[in-house]
Amino acid sequence: MPENNPATPFPAASLLGYPRIGRRRELKKAVEAYWAGKIDADALDAAAKDIQLSIARRLQDLGLTEAAAVPGTFSYYDQVLDATAHLGAVPARFGNLLNAEGQLDIDGYFTLARGTKDQQPLEMTKWFDTNYHYLVPEIGPETTFALASNRIVAEFEFALANGIETRPYIVGPVTYLLLSKASDDAPAGFAPLSRLEDILPVYTQLLEKLTAAGASWIQLDEPALVVDHDTPAAEIEAAVARSYEVLSGAAKRPQILVSTPYGALDGQLGTLAATAIDALHIDAFKGAVPSAAALAALGDKTLVAGVVDGHNIWRNDLAASAAKLDELKAAAGRVTVSTSTSTQHVPHDVTEEGQLSDDLRSWLAFADQKAVEVKALAAYLADPASARAAIDEASAAIAGRAAAAGVRREEVRTRTGSLTDADFSRSEYAVREAAQEKALHLPPLPTTTIGSFPQTSGIRSARARNNKGELTNAQYEQLMKDEIKRVVELQEELGYDVLVHGEPERNDMVQYFAENLDGFDVTVHGWVQSYGSRCTRPSILWGDVTRSAPITVKWAEYAQSLTGKPMKGMLTGPVTILAWSFVRDDQPLGETANQVGLALRDEIADLEAAGIKIIQVDEPALRELLPLRKAEQAAYLKWSVDSFRLATAGAADATQIHTHLCYSEFGVIIDAIDGLDADVTSIEAARSRMEVVHDLESHGFGRGVGPGVYDIHSPRVPCEAEVTELLATAVKHVPSRQLWVNPDCGLKTRGYAETEESLRNVVKATKTIRAGLLAAAS
Ligand code: GLN
Ligand code: ZN
């Protein structure tokens, strides 16, 4: 038996993790001020400590008072980057970022996150099925590992000095390596998982330090065990067995909790049960309750039951969770209560949203409310009678929600219930193509942009002043119209063929529609971390969706009135609206998507009636929502594609439907993209140097397509020659009559100077290629 701190039982009630950006985004503000050189490292450290302490105190106030109940999930930027820092796994391309003591200090840490003049930052990827993005570690055969950060230990010591014993958190070794990519200089076929033996000693050393600091528990997060990988399951199983044999065998260590959020653990439960860890967390919200036999294998390990959803905002059905806990308790030894995932994916506190109706607020649970739910369920386990009142109150709220006005609208149900196949299809492409050619008279290689133009500080301050009542709606609208006029004139001057109005009136491409559709509400303080210091404020989709009035039509109509060239109507597609909102949990997502699809279909009809001939329906999140378990992918692709088709299939043959997608791993879902049946698809391609055109060619993609020629993710201006070269590559692989010319994505995050110059170079390059095509044809 290793030497442990006193064997404190695992807390009866705890959260798997908690938001760390601060209730008023204090961390974002401090970190960005530090980057801007406005505060120094000490001030940043002080701000971080304030947040850590207020989290710990808040959770204690909410009842999480047992030792190790407060999760030590603070991070300056990202939890995977934290593991990289602790392992000292700095990619060689950054040179030596460690200081004289072999530590990665805060500047080195931010360098990995943000890059340098010469080095791209670590790549960013979606964290499981959430909208959080982590920094992908780069591991090669030469990567050196040594404990290079003391932050987890220092944060533990800081909280302890303030009277609170937290539960330190770090991404576990198997997940760390499975989420890593092979570094650029690694030989072909190199698998980061092959470095397992080299990272385990660093973990062991961290365990020893935490023991010395007085930690009774550590949480090692292993979410990678709940999803499918290319690595064979047996190899992963061996890595899990080996990791936890080594770590539980450490001479000095805290008790070990392995957490497995974001889905069912399935086969790997047995592997973990066979190790000498002390507690295992399972996601019992998304995942089913494991079989009694599987649970029995846990022996005297504590089962931490994640029965409260950490990932969405709905109030827990405590009665249903209590029933699950009964089942778990009957089959396992000691059971305690937690969330299914970290609550970092939900806002802090619903009681701060006073503008929401009392009803809606009573249906919701943000992180703080989830702490209370977990506590109530722990009380239930100790004494069922003591939780009666809380359970009844939750049941009453949930029953009230099901019956509340707006949750079900019969007119919406009747409409979705009577859809037929015809509602999902347009005429054959050849027919549409001919009708559109007649209506639009576009040159070969038509030039366009993706929708937004730079959101200047003038635009943002006008919106803020309108919200505060300092500008009347009429004044605000006039300012937006002036902006639209400027953007239209600029595009005319630059010589673009298909124009956009620039989207100045939209705060966000999803929230704008949520604010204008029934069935949604928006929050004031409901920020969640998207990555680093970036936060989003997802809308809440709680009821049947209807469109009570046209949303975008007056702007599009005004913009069209300023030009003889076609003006693109601009809408956000159903999948993206769902992906970036908190969605209702009381019906399949596909049904909700069809409701949104129908609202957009009506908007498209109104745009057509207002004389708009081209309408773009953006679906940048189509790839993002693809389920991680392969078995679930086909069903997703079916409903997601269908909802887009439902939105767009009412359009006349002569109306050109565009879509826009925002990623370059095009190949994976090319059949689905084809299935959207859009007349023109614009897609990110500049950053990947036109990789997608190969996928398009081998697939035989037959409709219009605009692979991006201008990477809008950086202020860099592509020169004319560079764009010409990209276009030359494109015409080699895609028939020129299908080809469109456009940037990778919208321009709202860019400044005007670089945007204008870049857009000008795009037109010049297009003219060169067009001339070449003409010469070749004659
Ligand atoms: N039309 C949107 C824009 O240009 C598309 C944004 C996106 O794809 N994320 O801003
Ligand atoms: Zn985009």
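Order of listing sets the numbers, starting from 1, for every ligand and every atom in it. These values consider heavy atoms only, across backbone and side chains, with no hydrogens, waters or symmetry-generated copies.
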Side-chain touch Pro121/Leu112, heavy atoms, less than 4.5 angstrom: no
Aromatic ring pairing Tyr636/Trp639, orientation class (parallel under 30°, perpendicular over 60°, tilted between): perpendicular
Aromatic centroids of Phe520 and Trp542 separated by under 6.0 Å: no
Ignoring angles and geometry beyond distance, decide whether Glu503 reaches within less than 3.5 Å of ligand 1 through its nitrogen or oxygen atoms. yes
List every atom of ligand 1 that sits less than 4.0 Å from any heavy atom of His660, numbering the atoms from 1 in the order shown and giving each element. 8 (O)
Proximal ligand 1 atoms for Lys748, defined as those under 4.0 Å from one of its heavy atoms: 10 (O)
Could you check whether the rings of Tyr262 and Phe128 sit parallel, tilted or perpendicular, using 30° and 60° as the cut-offs? parallel
Do His658 and Trp740 have ring centroids that are under 6.0 Å from one another? yes
Counting only heavy atoms from other residues, nucleotides and ligands, does the tally under 6.0 Å from CD of Gln119 exceed 12? yes
For Arg534, check salt bridge (Lys or Arg N to Asp or Glu O under 4.0 Å) against everything at least two apart and list the hits. none
Would you mind listing which atoms of ligand 1 come within a distance below 4.0 Å of any non-hydrogen atom of Ile450? 1 (N), 4 (O)
Against heavy atoms of Gly451, which atoms of ligand 1 measure under 4.0 Å? 4 (O)
Atom 10 (O) of ligand 1: which protein heavy atom is closest, and how many Å away? Ser452 OG, 2.7 Å
Would you say that more than 12 heavy atoms from the other residues, nucleotides or ligands in this model lie under 6.0 Å from the CD of Glu591, or not? yes
Closest to atom 9 (N) of ligand 1 among protein heavy atoms sits Met509 SD, 3.5 Å
If you count heavy atoms of other groups shown closer than 6.0 angstrom to NZ of Lys126, is the number above 12? yes
Polar protein atoms near the Zn ion (ligand 2) [N, O or S; cut-off under 2.8 Å]: His660 NE2, Cys662 SG, Cys745 SG
When the ring planes of His345 and His311 are compared, do they come out parallel, tilted or perpendicular, using 30° and 60° as the limits? tilted
I need the nearest protein heavy-atom contact for atom 1 (N) of ligand 1: residue, atom name and distance, please. Asp618 OD2, 2.6 Å
Element-labelled atoms of ligand 1 that are located less than 4.0 Å from some non-hydrogen atom of Cys662: 7 (C), 8 (O), 9 (N)
Within the 4.0 Å heavy-atom shell around Gly746, which atoms of ligand 1 are there? 3 (C), 4 (O), 10 (O)
Would you mind listing which atoms of ligand 1 come within a distance below 4.0 Å of any non-hydrogen atom of Met570? 1 (N)
Would you indicate whether Lys767, at its atom NZ, is surrounded by more than 12 heavy atoms from other residues, nucleotides or ligands within a distance under 6.0 Å? no
